[in-house]
Asks: 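My structure is below; once you've seen it, I'll send some questions.
FYI, side chains are in, hydrogens and waters are out, and symmetry mates aren't considered; it's all heavy atoms of this structure.
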Amino acid sequence: MIKIRNETETDYRIVEEITRKAFYNLYVPGCAEHYLVHIMRQHEDFIPELDFVIELDGEVVGNIMYTKAMLTSEAGTEKEILTFGPVSIAPGHQRRGLGRMLMEHSFQQAASLGYDAIVIFGSPANYVSRGFKSCKKFDVCLEDGTFPSAMMVKELVPGALEGGKWFYRGSPVMDIAEEEAQRYDETLEKMEKKRQPSQEEFYIMSHSFIL
């Protein structure tokens, strides 16, 4: 029995635990994604209507959270769009299509709220099957004009980004203070920080750009 619903306050702790276990040592020794979840809900850019958990037989096993972001055209026109992350599935329940279900459900709800585009950062291998494409194909770049390999775009409305170049600006909530994240992590159950190959893969991808 699978159910997708909006997160409630009673889910907060389990969602943070799932996020922590899903990301710990994946990209760096330890992780900060659970701290982002912890602070995101109080931020003005957070969108509660797009904050979902997925249940399996009554147990919360994953979540996805969205914030507002902004695209600015070369002429200065601004367009409010979306970004999501983290999207987490509990270890032991991964590779079963639950993340795909969460994303597809959230895409439908985002479109119904009037949003027409999503920009995310991640491994393309995880998202191209969900309709995301390189930011370069939509002429969406960072404010310095670069096109990160890890930045991908999905149009919820076909043609929404036609007509020129766009400069992306994410929510300030995504700029996590590493020291604060570390202090928060130290208040939780101890987990061993390790180095593993996925961290080097992340480093390469996160420092790569499309010319």
Side-chain angles (χ1 to χ4, degrees), residues 4 6-7 15 19 23 27 32-33 35-54 62-88 99-176 202 205-206 208-210:
I4 297 176
N6 285 110
E7 183 190 44
V15 164
T19 303
F23 284 94
Y27 297 141
E33 282 80 1
Y35 177 68
L36 174 59
V37 169
H38 183 68
I39 63 174
M40 184 186 293
R41 301 182 186 100
Q42 285 73 48
H43 197 275
E44 62 182 358
D45 291 333
F46 175 64
I47 306 174
E49 296 88 346
L50 297 177
D51 176 17
F52 297 106
V53 297
I54 187 166
N63 76 291
I64 190 169
M65 305 172 77
Y66 280 77
T67 58
K68 299 173 185 176
M70 191 68 67
L71 291 180
T72 305
S73 72
E74 290 183 292
T77 302
E78 292 189 330
K79 172 193 283 289
E80 188 174 86
I81 61 160
L82 296 172
T83 187
F84 66 72
V87 53
S88 308
R100 173 185 57 80
M101 293 179 196
L102 263 177
M103 283 189 277
E104 294 296 344
H105 178 81
S106 68
F107 298 160
Q108 294 175 10
Q109 297 304 309
S112 73
L113 291 174
Y115 293 98
D116 59 18
I118 303 172
V119 174
I120 61 169
F121 292 82
S123 171
N126 294 333
Y127 298 105
V128 293
S129 63
R130 304 275 62 83
F132 284 89
K133 298 180 181 179
S134 168
C135 59
K136 186 75 178 272
K137 292 189 174 181
F138 294 96
D139 215 2
V140 174
C141 63
L142 296 180
E143 292 179 281
D144 63 4
T146 59
F147 297 92
S149 300
M151 187 162 79
M152 293 163 284
V153 179
K154 179 182 176 68
E155 288 184 327
L156 297 174
V157 176
L161 301 179
E162 289 181 355
K165 191 171 188 176
W166 297 94
F167 297 88
Y168 174 79
R169 184 174 74 254
S171 170
V173 74
M174 297 295 184
D175 299 326
I176 300 174
F202 170 74
M205 176 57 64
S206 62
S208 300
F209 297 87
I210 299 173

Asks: As a quick check of understanding, evaluate side chain to side chain contact (heavy atoms under 4.5 Å, CB included) for Asn126 and Val87, giving each step before the final call.
Replies: CA-CA 11 Å; Asn126 294 333; Val87 53; over 6 Å; no

Asks: Roughly how far, to the nearest 0.5 Å, is the CZ atom of Phe138 from the CD atom of Glu162?
Replies: 9.5 Å

Asks: How long is the span from the CE atom in Met151 to the CD1 atom in Ile120, to the nearest 0.5 Å?
Replies: 11.0 Å

Asks: How long is the span from the CZ atom in Phe52 to the CD atom in Glu7, to the nearest 0.5 Å?
Replies: 11.0 Å

Asks: Looking at every heavy atom in both Ala117 and Ile81, which two are closest together, and how far apart are they?
Replies: O-CB, 3.5 Å

Asks: Testing the basics here: between Arg41 and Phe46, what is the closest heavy-atom pair and its distance to 0.1 Å?
Replies: O-CD2, 3.5 Å

Asks: How far does CD1 of Ile176 sit from CE of Met40, to the nearest 0.5 angstrom?
Replies: 7.5 Å

Asks: Are the side chain of Asn6 and the backbone of Asp51 linked by a donor-acceptor contact shorter than 3.5 Å?
Replies: yes

Asks: Just verifying a value: how many Å separate Phe209 CZ and Leu142 CG, rounded to the nearest 0.5 Å?
Replies: 7.0 Å

Asks: If I take atom CZ from residue Phe167 and atom CG from residue Asp139, how far apart are they, to the nearest 0.5 angstrom?
Replies: 8.0 Å

Asks: Taking all heavy atoms of Ala110 and all of Leu156, pick out the closest pair and write down the distance.
Replies: CB-CD1, 3.8 Å

Asks: Look only at the side chain of Ser88 and the backbone of Asn63, and say whether a donor-acceptor pair between them is shorter than 3.5 Å.
Replies: no

Asks: Please determine whether salt bridge (Lys or Arg N to Asp or Glu O under 4.0 Å) holds for the pair Glu78 and Arg169, giving the CA-CA distance in whole Å, both sets of side-chain angles, and the decisive distance to 0.1 Å.
Replies: CA-CA 10 Å; Glu78 292 189 330; Arg169 184 174 74 254; 3.8 Å; yes

Asks: For the residue pair Asp45 and Pro172, establish whether any side-chain heavy-atom pair is separated by less than 4.5 Å.
Replies: yes

Asks: Show the nearest heavy-atom pair for residues Val140 and Phe147, with the distance to one decimal.
Replies: O-CD2, 3.3 Å

Asks: Begin from the C-alpha positions of Met174 and Phe121 and carry the test side chain to side chain contact (heavy atoms under 4.5 Å, CB included) through to its verdict.
Replies: CA-CA 11 Å; Met174 297 295 184; Phe121 292 82; over 6 Å; no

Asks: Could you report the tightest heavy-atom contact between Ser149 and Met205, atom names first, then the distance?
Replies: CB-SD, 3.6 Å

Asks: Using every non-hydrogen atom in the two residues, find where Leu36 and Pro86 come nearest and quote the distance to one decimal.
Replies: CD2-CD, 3.9 Å

Asks: Between Lys154 and Arg130, is there a donor-acceptor pair closer than 3.5 Å when you use the side chain of the first and the backbone of the second?
Replies: yes

Asks: Between Phe84 and Phe107, how do the two ring planes meet: parallel, tilted or perpendicular, split at 30° and 60°?
Replies: tilted

Asks: Would you find more than 12 non-hydrogen atoms of other residues, nucleotides or ligands less than 6.0 Å from Lys165 atom NZ?
Replies: yes

Asks: Given side chain to side chain contact (heavy atoms under 4.5 Å, CB included), test Trp166 with Leu161 step by step and report yes or no.
Replies: CA-CA 8 Å; Trp166 297 94; Leu161 301 179; 3.9 Å; yes

Asks: What's the verdict on side chain to side chain contact (heavy atoms under 4.5 Å, CB included) for Val157 and Tyr115, showing C-alpha distance, side-chain angles and the deciding distance?
Replies: CA-CA 8 Å; Val157 176; Tyr115 293 98; over 6 Å; no

